[in-house]
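Reading through the structure tokens given below for one structure.
What you see below is based on every heavy atom in this structure, not just the backbone, and it leaves out hydrogens, waters and symmetry mates. On a predicted model such as this, the values are computed, not experimentally measured, just so you know.
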Amino acid sequence: MRFTHGSRSRLRIAFGAALILAVAAGALALWRSRENRLPWRDGFAAGDTAQWEAFGGAWSLYQGGIRNNSDDRGAKFVTGSTHWSDYAVDADVSLLGDDGDAGIMVRSSDEEEGVDSYSGYYVGLRDSNNSITIGRADHGWIEYQAVSPNHPLQPSHWYHLHVVAVGCEIAAVASGDTQGGQTWVAMHEPSCASRGRIGLRSYSSGGVWKNIHVVKATRADIEPLLAHAPPSPSPGVLQSEAGFNSLRLNQPGINPALAEALLRAATPLAAMGDLRNVSPVHPPAVTIRGSVTLTSPRIYVQDASGGAAVEFLRSPSLKIGDEVQITGDVEPSRFSAVLLNATGRVLWQRSPAPPISVSATQAAAGLYDARFIETEAEADSSPQPSPAGTILSLHSGHQRFLAILNSGADPSALRQIAPHSTVRVRGVCVVDPAFTRNSTPFAILLRSSSDVLVLAGPPWWDLRNLMEAAIALPVAALLGFFLYSRAERWRMQAVLDERLRMAREIHDTLAQDYAAIAFQLESALDRDRRTSTVEGVARALQMAERSRGEAHLSIAALRALHYDAPFPALLRHLLQHQIAGGIRLDIFSNGSERHLSVEVEANLLRIIQECVANAVRHAHGSLIEVDLDYSPDYLTVVVRDNGQGFYPECAPGAEDGHYGITGMRERAARIGADIQLASGPSGTCISLRVPVPRPRSVARGYVLSVFRRTLHRLSALRLTRTRPSEQLDAKANSRFDLG
């Protein structure tokens, strides 16, 4: 099947589009791989948390770092590549409270929500027993070492952690910012986790992290740490999560229950649910005790009776779950109260209070103002950014409300929520117009983006999707019809181009020969002398014999081009019928075979056919050799025989009725080739130098080959489905024997 300039242009366009897509996909893969290359730094100072994944906790940007205010559901913040193996992590860490720990996870994988619900290693600062700890987590916990520093660990102080993992040894050194001194820990595990991500983790106390940096590490990087702290072997089997937590809670210190009883006896406390009933004329100062449920954009606390907002004169360092005692002036409202000019202190750390499950109607009534709740609703639209943070519009039944995520928190999980998704939302319920904008009866203040859980995606049959489908289906149908019609037009154009090529071939060979035969016969009839008549008829007969040979050559060449085989194989298939008995034909191919256009192949086959036919007919030799030599820019074809040879300058030409050499020169000129002929007593040699295009990519060659074969088969199928009259003509032509 021959391709026209138009079809080749379309192939180039299609290949160019595929190449652009491949380059874009490769660039995207390279960009993603570059994200996971080492060295690596966090983007907290620039407000970037897109590469991090949260498992529990309440994570928000804080003074160029990241802060976790809650240990709810495990509190892990993970990033990096699962292919990272030997590397070193540096980070500055600060504890937010007492009786907890905060630190760095290395070689982490299989993360889930929950304390120690991951597989990997952890190095942390623990102020409950004043130690730097290192251990192994595998959905449980093994503590390898716990080394006390020279000076007690203090909340709100910065410490630098340098953790190195090489092979099956993990070591770390902790440095203080003001107290000085260093503390080393190390461990060795025979069957270790060899690779994994990094993560930030806290338990009970909460923490702040900044200046996180990861680089590749070698044995030379871990040796100085191991010199100060020889690695400890495994101390035993994994403990259960509950067992580990019970050990932590039973550390020597203040008994929370006893301390609470003593405080209640010493200080009269007010119930938060009663604060809204205080007279606004002369509001008294009261003391309350409760658990912190939110720290940003406003501090909220609650007890068993209700909740309240707090505005401190000087806010202590608080995290979600802290048990606090606060004294302040009451500013009552209809549903809750605000404590102004407040002072207070943290009594102890506790796990965050569980949310109260309510309906949107109950929340809209104000019964749960300033309390930690959860409810189910449907998203009206995608989350929208605003100066106050990220706002998600929701509705449940006829009640509409807002879910607001503070501007410092990571909104990545919220961005994945599609309109009309069913979600479960938990946070602090407020009816304050500062948050509701007087457009909804209430709003829910989220602690983190993970406080919105998608229960079900949008239904496919909603009005928007149906309208989009109603628009897309006709467009897709029109596009499909257009593509089909274009493909049909291209196929028919290919068929017409092939027919035109065959018509030109017949015009250049058979038609010209028949015209010459008719001219010779007419000349013979016009002459009176018998000898002249016989001479004209003889010449016409000679030309008819030559035309028959040309027809056989054309048919053989066209049939050979239908084979999906390399050019040397096509050549052998075509020439094997021309070789007479006693003559040997050898075909040699050197170099990397190159793709040739159909027109070049057809003309080369005809030229080589003519050379072999002349050698068989006139040379009377015993050997014919055809050499194909492929170079980067040319194909050199040499046809030689060991026959008797001839004198080219004395050979008859077209004026004598012999068109063999003339036809070869014309065909060579048609494909831009140089042809040389040399003959002598030892035989004849004809060489042909054909320019060929440089090789394209393997992918493009394969695509073009497949496309060419498909067009050929479609055309063949189309030609078999012709009208009955055309089929009769085809049958008649098939019975016509040019020989």
Side-chain angles (χ1 to χ4, degrees), residues 36 40-82 84 87-97 100-127 132-137 141 153 155-165 170 172 174 196-215 295 317 319-321 408-410 412-413 447-450:
N36 294 327
W40 180 94
R41 289 185 179 274
D42 72 83
F44 297 147
D48 181 16
T49 59
Q51 301 178 33
W52 295 80
E53 183 178 5
F55 295 89
W59 302 87
S60 60
L61 295 170
Y62 178 78
Q63 297 180 356
I66 194 77
R67 172 173 174 155
N68 175 44
N69 292 321
S70 171
D71 65 339
D72 185 30
R73 295 167 293 156
K76 294 181 287 293
F77 210 43
V78 184
T79 190
S81 170
T82 56
W84 286 356
Y87 55 86
V89 186
D90 286 271
D92 296 328
V93 185
S94 175
L95 294 161
L96 290 182
D101 64 72
I104 302 294
M105 299 157 51
V106 295
R107 291 185 179 174
S108 173
S109 61
D110 195 22
E111 301 91 352
E112 296 177 354
E113 292 183 354
V115 179
D116 304 315
S117 295
Y118 65 99
S119 178
Y121 304 95
Y122 172 73
V123 178
L125 312 173
R126 182 185 297 165
D127 59 3
I132 311 299
T133 181
I134 185 171
R136 172 76 152 99
W141 177 250
L153 297 175
S156 302
H157 281 239
W158 285 104
Y159 298 89
H160 183 79
L161 277 180
H162 176 65
V163 185
V164 183
I170 296 91
R197 305 196 286 176
I198 67 166
L200 315 178
R201 174 191 177 276
S202 67
Y203 176 78
S204 183
S205 68
V208 184
W209 295 258
K210 66 180 181 180
N211 301 327
I212 302 169
H213 183 211
V214 187
V215 297
T295 59
S317 178
K319 73 177 189 64
I320 297 171
D410 175 26
S412 56
R447 302 172 303 172
S448 67
S449 58
S450 60

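- Considering OG of Ser202 and CG of Leu125, their distance stands at 11.5 Å, rounded to 0.5 Å.
- If you run side-chain contact (heavy atoms from CB on, under 4.5 Å) between Ser94 and each of Trp158, Tyr159, Trp209, only Trp158 comes through.
- Here the straight-line distance linking atom CD1 of Ile132 with atom CZ of Arg126 works out to 10.0 Å at 0.5 Å rounding.
- Every side-chain contact (heavy atoms from CB on, under 4.5 Å) that Glu112 has, sequence neighbours left out, goes to Asp110, Ser117, His139.
- A pairwise comparison of heavy atoms in Val164 and Ala88 identifies CG2-CB, 3.9 Å as the closest pair.
- Proximity of a side-chain donor or acceptor of Asp90 to a complementary backbone N or O of His162 within less than 3.5 Å is not detected.
- No side-chain donor-acceptor contact under 3.5 Å links Tyr122 to the backbone of Thr133.
- Under the 4.5 Å side-chain criterion, counting only non-hydrogen atoms from C-beta, Asn68 is not in contact with Arg201.
- Residues satisfying the side-chain contact (heavy atoms from CB on, under 4.5 Å) test with Ser205, not counting sequence neighbours, are Leu95.
- Across all non-hydrogen atoms, the minimal contact from Asp127 to Pro155 is OD2-CG, 4.0 Å.
- Of all heavy-atom pairs spanning Ala58 and Ser448, the tightest one is CA-CB, 3.9 Å.
- Separating the CG atom in Asp116 from the CZ atom in Arg136 is a distance of 11.5 Å, to the nearest 0.5 Å.
- In this structure, Lys76 contributes its side chain and Glu53 its backbone to no donor-acceptor pair below 3.5 Å.
- Annotation: the span from Ser108 atom OG to Leu200 atom CG amounts to 10.5 Å, rounded to 0.5 Å.
- Listed by chain and number, the residues in a ring pair (Phe, Tyr, Trp, His ring centres under 6.0 Å) with Phe77 are Trp52, Trp59 (sequence neighbours excluded).
- Asn69 and Ser60 make their closest contact through ND2-OG, 4.2 Å (heavy atoms, listed as atom of the first residue, atom of the second, distance).
- The shortest heavy-atom contact between Tyr87 and Arg197 is OH-O, 3.2 Å.
- Look at Lys210 and Asp42 and you find no salt bridge, because none of the NZ, NE, NH1 or NH2 atoms lies under 4.0 Å from a carboxylate O.
- From Ser70, atom OG reaches atom NZ of Lys319 across 6.5 Å, with rounding to the nearest 0.5 Å.
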Candidate pair Ile198 and Ile212, rule side-chain contact (heavy atoms from CB on, under 4.5 Å), full reasoning: CA-CA 10 Å; Ile198 67 166; Ile212 302 169; 4.1 Å; yes
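- For Asn211, the side-chain contact (heavy atoms from CB on, under 4.5 Å) partners are Asp92, not counting sequence neighbours.
- Expressed to the nearest 0.5 Å, how far CD of Gln51 lies from CH2 of Trp40 amounts to 6.0 Å.
- Applying the side-chain contact (heavy atoms from CB on, under 4.5 Å) criterion to Leu61, with sequence neighbours excluded, gives Phe44, Thr49, Ile66.
- Listed by chain and residue number, nothing satisfies the ring pair (Phe, Tyr, Trp, His ring centres under 6.0 Å) test with Phe55 (two or more places apart in sequence, or in another chain).
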